[in-house]
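Structure first, then comments.
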Amino acid sequence: MEHRTLTRLAAPALAVLVALSSGCTGATVQGRPGASGLRDPYFPRAGNGGYQADHYALDLEYDPAGGELHGTAVITARAEQGLSSFNLDLSGLKVEGVEVQGAGARFNRTGNELTVRPAKDLRKGEVFRTRVDYSGRPKALVDPDGSKEGWITAGGGDAVAVGEPVGSMGWFPGNHHPSDKAAYDITVTVPRGYEAVSNGELRSRRDVGGDRTAFAWRSAEPMASYLATVAVGKFEVTTGKTPSGVSVYQAVASSEKEAARGALARVPEMVEWGSTVFGPYPFGTAGSIVMPAGTLGYALETQTKPVYSGAPDEELVLHELAHQWFGDSVSPKSWKDMWLNEGFATYAEWLWAESHGGVSAQRRFEAFLAGDTSVDAQAGNDWAAFPPASPPGAGHISDDPVYYRGAMVLHRIRQEVGDAKFFDLLRGWAGDHRYGNASTADFTAYAERRTGVDLKRVWDVWLYGEGRPKAP
Ligand code: ARG
Ligand code: ZN
């Protein structure tokens, strides 16, 4: 039928159709511009439409003395539509040149959008490579909640990159939204005497040009760009393996060495514990990056190696490790889904405590209800200020309700379904969404399907409801 319709078209129209559908080379392929944002409910301009990245190769050369970065980013992506142009997110820095599929491309910049116009339109489904050469002094960006992210420098040439929610555009061009996950190869060249640490496995460390060292890191498993990191400093590095064979790499600023020792020593045991409670640890390697105290004022669950600002305590290390399952492996579909990260990582702390001689999660839940800070110092915070599934604005996605009321949502589910179904749910969720993305609606549907229990009251009151929930 299709065919007969086609044969009746006038010849020129037919030629255009054939050119379009066969995606053949030549100027007849018509693309349109990719969207400049993914319409995230909190960060509408983050990320870009029309393509998905598969792999980033970042080749960075950093001068700790001057704070100057020279970078080459080669991004392999797949076009999801015909593209006449597409965007990357990049803040600051100077773009020296852009190539697409080896040919020089035109580009322009407005705000944090780098628009690239390839010499030839890209076909839908085409896998294409974009190379961006850039340089400059990368900067810290200020979050809507007032905290710093992006490229953060400390004294003595130390620097660290963190990107939640949108700081990664401060140090490399990319599709900076958690819904587009990719593999990474990050190579960092620094002056001899400095260490450069990043996500994943250290593939090689070699001297270049007599006075510099190049560290090549690989993240084979998909990673959301906000979880990418680079840390430069004079770290003490220790390596090891967990009993089940996950490699461990811990880089600690010398000023924090003593204070960090106790908590970091428990990383292998925590990886094993998490693997029994949440299912297999999702990555081939684990560890930590401990920056000098005061570097950033918070910790971040950067993939495989969380970044700490000063020596962390045991709870914090457990929290960031739990994010490897919840946040890093199972990533939010949008920034509205933050409680799937923070509620789970907080509840993991409660579970760790109850299985290691601390108070039970039930007791802690009751303490939060009663505001009893003798059980948990956080119990008096304003955890009921808003429902965790809808923070009142971009400046609130890391507020207390997302963490503590988020954890209470999980405890309410546990109360309703019992321990066996609850722990099966945690493992199922981590396993079935491994390396992917999920939303709050995905979770509520999954929880009811997996447990066979109607949890509508829990969602209505604890997850979506305004006001302070009462004891169930
Ligand atoms: N996700 C981090 C953690 O809880 C905290 C990030 C805080 N960032 C911020 N902008 N407040 O492990
Ligand atoms: Zn967290």
Side-chain angles (χ1 to χ4, degrees), residues 40 42-43 46 91 139-152 160-170 176 178 199 223-229 231 263 267 270 274 278 286-291 294-332 334-353 376 378 381-383 385-386 388 391-410 430:
D40 183 277
Y42 292 78
F43 296 89
S91 172
K139 288 200 289 279
L141 309 174
V142 180
D143 278 343
D145 74 3
S147 51
K148 281 189 301 182
E149 51 169 333
W151 191 270
I152 293 163
V160 65
V162 286
E164 186 182 42
V166 291
S168 294
M169 65 183 174
H176 292 308
N199 315 89
M223 178 163 77
S225 78
Y226 78 93
L227 298 167
T229 189
V267 165
M270 289 175 175
F278 309 130
S288 315
I289 298 169
V290 181
M291 299 300 293
T295 304
L296 55 151
Y298 60 88
L300 185 65
E301 63 269 25
T302 41
Q303 194 154 304
T304 70
K305 293 179 198 69
V307 166
Y308 301 97
S309 180
D313 62 16
E314 183 184 310
E315 286 67 38
L316 186 56
V317 173
L318 192 281
H319 178 103
E320 305 308 338
L321 182 71
H323 273 307
Q324 303 305 309
W325 284 265
F326 306 111
D328 295 22
S329 171
V330 184
S331 304
S334 88
W335 289 113
K336 196 172 178 145
D337 304 312
M338 264 293 262
W339 82 276
L340 293 174
N341 290 11
E342 302 305 344
F344 280 66
T346 302
Y347 199 67
E349 293 178 61
W350 297 12
L351 291 174
W352 168 263
D376 187 313
Q378 287 298 328
N381 75 34
D382 199 6
W383 57 264
F386 57 81
H396 299 280
I397 63 169
S398 295
D399 283 6
D400 287 339
V402 173
Y403 286 71
Y404 303 100
R405 187 159 160 184
M408 293 169 91
V409 169
L410 293 176

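Both ligands and their constituent atoms are indexed starting at 1 by order of listing.
At the shortest separation from atom 12 (O) of ligand 1 among protein heavy atoms lies Glu320 OE2, 2.7 Å. What sits closest to atom 4 (O) of ligand 1 on the protein, heavy atoms only, is Tyr403 OH, 2.6 Å. Among protein heavy atoms, the minimum distance from atom 7 (C) of ligand 1 is reached at Tyr298 CD1, 3.7 Å. With hydrogens left out, the protein atom closest to atom 1 (N) of ligand 1 is Glu164 OE1, 2.6 Å, a heavy atom.
Below 30°, between 30° and 60°, or above 60°: for Trp350 and Tyr347 the angle between ring planes is between 30° and 60°, a tilted geometry. In this structure, Trp335 and Tyr226 have perpendicular ring planes: the angle between them is above 60°, well past the 30° mark.
Taking the Zn ion (ligand 2) as reference, the nearest N/O/S atom within Glu342 carries the name OE1.
Here the OH atom belonging to Tyr42 is positioned 9.5 Å from the CG atom belonging to Asp337, to the nearest 0.5 angstrom. Between the CD atom in Glu342 and the OG atom in Ser398 there is a gap of 6.0 Å [rounded to 0.5 Å].
Each of the atoms 1 (N), 2 (C), 3 (C), 4 (O) of ligand 1 lies under 4.0 Å from some heavy atom of Glu342. If you number the atoms of ligand 1 from 1 as listed, the ones under 4.0 Å from a heavy atom of Asp143 come out as 9 (C), 10 (N). The distance from ligand 1 to the heavy atoms of Asp145 drops below 4.0 Å at these ligand atoms: 9 (C), 10 (N), 11 (N).
Between Glu301 and ligand 1, at least one pair of N/O atoms sits closer than 3.5 Å.
Between Asn199 and Lys305, every side-chain heavy-atom pair lies at or beyond the 4.5 Å cut-off. Asn381 places none of its side-chain heavy atoms less than 4.5 Å from the side chain of Tyr403. For the pair Gln324 and Phe278, the minimum side-chain heavy-atom distance is 4.5 Å or more.
Taking only non-hydrogen atoms, the option from Ser147, Pro165, Ala299, Gly297 nearest to atom 2 (C) of ligand 1 is Ala299.
Expressed to the nearest 10°, the angle at the Zn ion (ligand 2) joining NE2 in His319 with NE2 in His323 is 100°.
Residue Glu149 places no heavy atom under 4.0 Å from ligand 1.
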- Task: Just do the side-chain contact (heavy atoms from CB on, under 4.5 Å) check on Leu227 and His323 with the steps written out, would you?
- Result: CA-CA 11 Å; Leu227 298 167; His323 273 307; over 6 Å; no

